[in-house]
Q: 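Below you'll find the structure I mean.
Here is the naming used below: chain letters follow the sequence lines, and residue numbers restart at 1 for every chain.
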Number of protein chains: 2
Amino acid sequence: MDDAAPKTRIQIRNRKVILTAGLEVFSANGFRGATLDQIAREAGLSKPNLLYYFPSKEAIYTALLDALLDTWLDPLRALDPTGDPITEILGYAQRKLALSRDFPRESRLFANEILQGAPMVRDLLKTDLKALVDDRAEVLQNWMDAGLIRRTDPVHLIFSIWSLTQHYADFDVQIRAVLDEEDPFPGAECFLDQLYRSLLEPRAR
Amino acid sequence: MDDAAPKTRIQIRNRKVILTAGLEVFSANGFRGATLDQIAREAGLSKPNLLYYFPSKEAIYTALLDALLDTWLDPLRALDPTGDPITEILGYAQRKLALSRDFPRESRLFANEILQGAPMVRDLLKTDLKALVDDRAEVLQNWMDAGLIRRTDPVHLIFSIWSLTQHYADFDVQIRAVLDEEDPFPGAECFLDQLYRSLLEPRAR
DNA sequence: TCATGATTTGACCGCTTGGTCAAACTCACG
DNA sequence: CGTGAGTTTGACCAAGCGGTCAAATCATGA
């Protein structure tokens, strides 16, 4: 509720330490699966000390989700209606894939929340997220109407980018179990580029 | 461990009732998040009665996962090396999508398990799943070498089908929050068809 | 220096958890 | 009807859970 700007250096440091530890534990176990003791151990603090900085387990969790949602949707917001369509869409997919590579725990935190019915963020999805997607879908639709990219369902196109990119973070264990290479991301970059290029590039007529 | 064929009708019925209840609860909350009391309530049995049919919470969970894994990989096994490549791949994607539509709880159960590091099935992934994927990737590679479909990374192609189809079950809440239509699946079918057709159909040269 | 507020913690609480057990109940079958 | 195996359950347990609290410690600025 009230996170009226923390004042002392210790507060700033410890809140950060706790959020980092919380991210680690929540993303690996989900909200119910995580325990305050785990988070406290990970943070190097005692459990009561944790609850001195955050009023409850849920407060740590929602603080993480709030911070996450913003940065998570930035790549989609950055899609420029005045730019070159193919470059913009491919760039969006690559930026989203980079998020999966660089912030896999954030991706898994979000995936856990959605998988379990989005108890904390369902309303935000129906308002903020829907508004953003509707807006960007219109941009895509305009590009299609102008013949700059091939026609397809813009919303499912956006879904597909979310799905394909987050998959590499969320299903990391499965991918590494199946793949021979150490790092799946170079191959993924290349594949996504090819996939969306062949879907979107207008064909000779 | 030992599920030496249950004998009486009551055993057969109750084991089934418990597994159904367990699927409901585990898929919605993950392993740690689910409780025996929830499962017992869902099954209409008392908690000790549950533990008369299964030795532990984990036993219910692994029984579900075991049964799931088989049916989950069937569509990929069904991919026919002697069939028409595009038809086979598109058919595989559609069959996988149908699984997401008809068995969303199974999909979410599996997603929960993988998300949390696949503690129960990691070994199976590295052996059985990897073997199957390697085998099918070779089939795809042969089709590419024969010029029947365009060249791309066969393993990432398989990943993409998993990702795109399971997304509609696992992220159901998010999709319904954003989409206007009641049922996302007709649109998804159509989009996937278009996506893989444009990726795979050899271009005029 | 000391006083005051910020920080830390051991001990504790009530509740839920997975699991046990002995006793009771049910049911098929001779 | 009776009897023994199969089934069900209330009572219970130890461990773990989120959270509280008073007391101790630390930091800081007058």
Side-chain angles (χ1 to χ4, degrees), chain A residues 1-26 28-65 112-113 116 119-120, chain B residues 1-65 109 112-113 116 119-120:
Chain A
M1 298 298 165
D2 72 323
D3 24 356
K7 293 144 200 169
T8 76
R9 286 148 214 197
I10 299 184
Q11 264 175 45
I12 293 170
R13 172 173 53 86
N14 278 356
R15 282 186 63 99
K16 198 164 194 175
V17 165
I18 291 169
L19 287 175
T20 304
L23 176 61
E24 184 70 32
V25 176
F26 282 127
N29 301 98
F31 178 72
R32 290 214 51 187
T35 75
L36 286 179
D37 293 272
Q38 280 177 286
I39 299 173
R41 200 180 321 124
E42 182 78 27
L45 300 172
S46 68
K47 187 167 62 170
N49 204 5
L50 229 84
L51 292 161
Y52 173 72
Y53 290 101
F54 288 88
S56 68
K57 178 183 174 183
E58 195 178 306
I60 304 177
Y61 185 70
T62 54
L64 280 169
L65 270 186
N112 258 308
E113 167 72 9
Q116 316 209 345
M120 310 284 182
Chain B
M1 297 300 166
D2 72 324
D3 22 357
K7 293 146 200 172
T8 77
R9 285 147 216 199
I10 300 183
Q11 263 174 46
I12 292 169
R13 172 173 53 85
N14 279 355
R15 281 184 64 100
K16 198 163 193 174
V17 165
I18 292 169
L19 288 175
T20 305
L23 176 61
E24 184 71 32
V25 176
F26 281 127
S27 70
N29 302 97
F31 179 72
R32 290 216 51 186
T35 73
L36 286 179
D37 293 271
Q38 280 177 285
I39 299 173
R41 201 181 318 125
E42 182 80 25
L45 299 173
S46 68
K47 188 168 60 170
N49 204 5
L50 231 90
L51 293 161
Y52 173 72
Y53 291 101
F54 288 87
S56 67
K57 177 183 175 184
E58 194 178 307
I60 305 176
Y61 184 71
T62 54
L64 280 168
L65 271 186
L109 181 76
N112 259 307
E113 167 71 9
Q116 317 208 343
M120 311 281 182

Q: In whole angstrom, what separates A:N14's CG from C:dT8's P?
A: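 So the CG-P distance, A:N14 to C:dT8, works out to 5 Å.
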
Q: 5'-most contact on DNA chain D: B:I10 or B:P48, nearest heavy atom basis?
A: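 The 5'-side residue here is B:I10.
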
Q: Look at all strands and tell whether A:Y53 reaches a base, only sugar-phosphate, or nothing, counting heavy atoms closer than 4.0 Å.
A: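 Sugar-phosphate contact only - A:Y53 comes under 4.0 Å of backbone atoms but never of a base.
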
Q: Does the base of D:dG19 carry an N or O that pairs as donor and acceptor with the side chain of A:K57 under 3.5 Å?
A: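 Per atom types, no contact qualifies.
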
Q: Whole angstrom is fine here: how far is it from CD in B:E58 over to P in C:dG18?
A: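 To the nearest whole Å, that distance equals 12 Å.
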
Q: Determine the contact category for B:A34: base if any of its heavy atoms lies under 4.0 Å from a base atom, sugar-phosphate if only primed atoms, P, OP1 or OP2 are that close, otherwise nothing.
A: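 Sugar-phosphate only.
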
Q: Does A:N49 make a side-chain N or O approach to OP1 or OP2 of C:dT7 shorter than 4.0 Å?
A: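 For C:dT7, neither OP1 nor OP2 has a side-chain N or O of A:N49 closer than 4.0 Å.
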
Q: From CZ of A:F31 over to P of D:dC17, roughly how many Å is that when rounded to an integer?
A: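 Atom-to-atom, A:F31 to D:dC17, this comes out as 13 Å.
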
Q: Side chains of A:Y53 and A:I10: closer than 4.5 Å at any heavy-atom pair?
A: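 Contact flag for A:Y53/A:I10 side chains = yes.
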
Q: Rounded off to whole Å, could you give me the CD1-to-C1' distance for the B:I18 and D:dT7 pair?
A: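 That distance rounds to 12 Å.
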
Q: Counting side-chain heavy atoms from C-beta on, which of C:dG19, C:dA6, D:dC17 comes nearest to A:D37?
A: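 Among C:dG19, C:dA6, D:dC17, the one nearest the side chain of A:D37 is D:dC17.
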
Q: When the distance from CG of A:L51 to P of D:dC21 is rounded to whole Å, what number comes out?
A: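 Going from A:L51 (CG) to D:dC21 (P), I get 12 Å.
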
Q: Can you tell me if the side-chain N/O atoms of B:S56 get under 4.0 Å from OP1 or OP2 in C:dG18?
A: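 So the side-chain polar atoms of B:S56 never come under 4.0 Å of the phosphate oxygens OP1 or OP2 of C:dG18.
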
Q: Tell me whether the side-chain N/O atoms of A:Y52 come closer than 4.0 Å to OP1 or OP2 in C:dT7.
A: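 A:Y52 to C:dT7 OP1/OP2: side-chain N or O found under 4.0 Å.
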
Q: Whole angstrom is fine here: how far is it from CZ in B:R13 over to C1' in C:dT26?
A: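 Answer to the nearest Å: 12 Å.
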
Q: Using a 4.5 Å cut-off on heavy atoms from C-beta on, say whether the side chain of B:V25 contacts that of B:Y61.
A: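 Contact flag for B:Y61/B:V25 side chains = no.
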
Q: Tell me, do B:L50 and B:K57 make a side-chain contact under 4.5 Å, heavy atoms counted?
A: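 A side-chain contact under 4.5 Å is absent here.
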
Q: Can you find a pair of side-chain heavy atoms, one from A:T20 and one from A:E24, that are under 4.5 Å apart?
A: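 Side-chain contact under 4.5 Å: no.
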
Q: So A:R9, base contact, sugar-phosphate only, or nothing? Heavy-atom distance under 4.0 Å.
A: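 Touches nothing.
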
Q: If you check every side-chain atom of A:R32, which of C:dT17, C:dG19, C:dA6 has the closest atom?
A: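 Output: C:dT17.
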
Q: Using a 4.5 Å cut-off on heavy atoms from C-beta on, say whether the side chain of A:I60 contacts that of A:F26.
A: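 They are in side-chain contact.
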
Q: Hey, does B:R41 have a side-chain heavy atom less than 4.5 Å from the side chain of B:T35?
A: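 Counting from C-beta outward, B:T35 and B:R41 never come under 4.5 Å.
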
Q: Over all strands shown, is A:L36 touching base, sugar-phosphate only, or nothing at heavy-atom distances under 4.0 angstrom?
A: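 A:L36: backbone/sugar contact only, no base atoms under 4.0 Å.
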
Q: B:R41 CZ to C:dT16 P: how many Å, rounded?
A: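 In whole Å, C:dT16 P and B:R41 CZ are 11 Å from each other.
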
Q: Between D:dG6, C:dA6, C:dG19, which nucleotide gets closest to the side-chain atoms of B:Q11?
A: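 From the listed options, D:dG6 comes nearest.
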
Q: Write down the distance between CD1 (B:I60) and C1' (C:dG19), rounded to a whole number of angstrom.
A: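 Those two atoms, CD1 and C1', are 12 Å apart.
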
Q: For A:L45 and for B:T35, find the nucleotide of DNA chain C with the closest heavy atom, then tell me which residue's nucleotide is more 5'.
A: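 Per heavy-atom nearest nucleotide, the more 5' residue is A:L45.
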
